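Naming convention: chains lettered A, B, ... in sequence-line order (proteins, then strands); numbering from 1 in each chain. Please read these numbers as outputs of a predicted model, since none were measured by experiment.
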Protein chains: 2
Amino acid sequence: MLTIGNLAKKTGTKVQTIRYYEQIGLMPEPGRTEGGQRRYGDAELDRLSFIRHSRQLGFSLDAIRELLDLSDHPEKSCDEADAIARRQLRQVEQRMARLKALRTELKRMVHECSGGRTADCRVLEVLRDHSECLTDHDDIGA
Amino acid sequence: MLTIGNLAKKTGTKVQTIRYYEQIGLMPEPGRTEGGQRRYGDAELDRLSFIRHSRQLGFSLDAIRELLDLSDHPEKSCDEADAIARRQLRQVEQRMARLKALRTELKRMVHECSGGRTADCRVLEVLRDHSECLTDHDDIGA
DNA sequence: TTACATCCTCTAGCTACTGTAGATTCAAGC
DNA sequence: GCTTGAATCTACAGTAGCTAGAGGATGTAA
């Protein structure tokens with residue numbers, strides 16, 4: 001039986017995060033000691049590991065909820081899990097493309113900075129003048 | 001003189017976002033009509049364009065605050081602006097490296113999914129088993 | 001004048017946590 | 001058994017960067 005602190009250590013999670021997952025229903029309510037402290041078993045350890053690993057791969061908590069649900073029903077078709085993973089892959093690829101464009105522009109900015117007064121600073125100039133910008137404008141977030 | 005709606009259109013910003021920028025002191029309090037509606041001039045248009053362009057390049061609002069301050073003082077040294085841009089470039093490169101690793105793993109997951117029952121689903125299996133994971137664990141976020 | 005788009009303020013919500021305060025519990029050492 | 005100190009408990013507030021909605025006022029064209 002694990003305390004919440006030990007579970008946290010084993011999974012690389014913060015204690016508060018575990019309680020948060022419980023609160024939003026991603027983790028089940030665990031057993032308690034007489035004094036009211038949470039105690040966890042292997043099932044919970046596995047579930048939390050699954051969640052953390054998925055988070056590291058960039059899945060949203062909602063996506064993880066679906067994946068956990070699929071994982072709980074081995075007789076269901078695998079298609080949905082596959083679709084979620086593909087969606088995630090597409091998102092990652094979009095973000096990468098976007099970051100690549102940003103990197104190009106940032107590199108150009110930094111390269112051209114001559115190191116004088118801000119009045120002649122290329123960095124600020126580029127930010128001021130949108131027309132030299134190559135990136136598209138729909139979305140921010142990186 | 002621009003209404004807030006027209007300023008929003010010209011800069012690709014939402015009206016609420018402009019008011020939010022004003023609230024946090026990133027945009028100045030503009031003049032008002034007798035009826036209390038905001039009216040903007042060219043200075044504000046320029047400033048908002050600068051902010052939006054910087055956001056598109058991934059700068060945080062705090063970083064933008066610094067950049068605007070530098071931009072307002074042409075006699076200052078350019079070094080700080082350069083440093084901020086370099087910091088941003090480093091961040092972008094870190095994120096790209098991370099996304100690259102994620103993409104590799106997601107591709108592997110999706111590739112190996114044979115499309116049967118979830119009981120045999122590679123996607124879920126990979127998420128369950130952390131040991132095959134190549135990514136490092138310090139940070140989530142994309 | 002009337003209709004209607006746009007504007008106003010205020011408040012709450014989003015994601016995924018993180019931090020704090022003040023009280024309680026657990027486990028180890030004596 | 002008692003003390004001590006780390007870990008736990010609940011509850012609430014805060015983070016970034018917006019976004020959405022209610023309910024009412026204003027601006028403008030026909």
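- One can place OH of A:Y40 at 17 Å from P of D:dA7, the figure rounded to the nearest angstrom.
- We find that CD of A:Q56 is positioned 14 Å from P of C:dA16, with the value rounded to whole Å.
- Counting to the nearest Å, the P atom of C:dC7 and the CG atom of B:L7 are 10 Å from each other.
- Residue B:R39 places none of its side-chain N or O atoms closer than 4.0 Å to OP1 or OP2 of C:dC8.
- By the neighbour-count criterion of 12 heavy atoms within 6.0 Å, atom CG of A:D72 is densely surrounded, having more than that number from other residues, nucleotides or ligands.
- B:R38 comes within contact range of the sugar-phosphate backbone alone, with a heavy-atom separation under 4.0 Å but no base atom that close.
- Checking D:dG17, C:dC17, D:dC9 against the side-chain heavy atoms of B:S60 singles out D:dG17 as nearest.
- With respect to A:R87 and A:D82, no salt bridge is recorded, no charged nitrogen being found less than 4.0 Å from a carboxylate O.
- With respect to the salt-bridge test (charged N to carboxylate O, under 4.0 angstrom), the residues B:D79 and B:R86 do not qualify.
- Side-chain proximity of A:R19 to D:dT10, C:dC17, D:dG17: nearest is D:dT10.
- Distances were taken from every side-chain heavy atom of B:Y20 (C-beta onward) to each of D:dC18, C:dT20, D:dA20; the shortest belongs to D:dC18.
- Atom CD in A:Q16 sits about 12 Å away from atom C1' in D:dT10, given to the nearest Å.
- Applying the 4.0 Å criterion to OP1 and OP2 of C:dG19, one finds that A:K14 has a side-chain N or O inside that range.
- Salt-bridge formation is not detected for the pair A:R90/A:E93: no Lys NZ or Arg NE/NH1/NH2 atom is positioned less than 4.0 Å from an Asp or Glu carboxylate oxygen.
- To the nearest angstrom, C1' of C:dA16 lies 15 Å from CD1 of A:I18.
- Environment of CD in A:E80: sparse, with no more than 12 heavy atoms of neighbouring residues, nucleotides or ligands closer than 6.0 Å.
- Between B:R122 and B:E125, at least one side-chain N (NZ, or NE/NH1/NH2) sits under 4.0 Å from a carboxylate O, which counts as a salt bridge.
- Between B:I4 atom CD1 and D:dT19 atom C1' there is a gap of 14 Å when expressed in whole angstrom units.
- Distance from the side chain of B:Q37 is smallest to C:dT6 among D:dT19, C:dT6, D:dG17.
- Rounded to whole Å, atom P of D:dT28 lies 11 Å from atom CG of B:N6.
- Rounded to whole Å, atom P of D:dA16 lies 13 Å from atom CD1 of B:I64.
- Ionic pairing of A:R38 and A:E29 is not present here: no N-O contact between side-chain nitrogen and carboxylate oxygen is shorter than 4.0 angstrom.
- Place B:T3 and A:D62 on DNA chain C by their nearest nucleotides, and B:T3 ends up nearer the 5' end.
- DNA chain D is contacted by A:R32 of residues 22-35 of chain A, taking any non-hydrogen atom closer than 4.0 Å.
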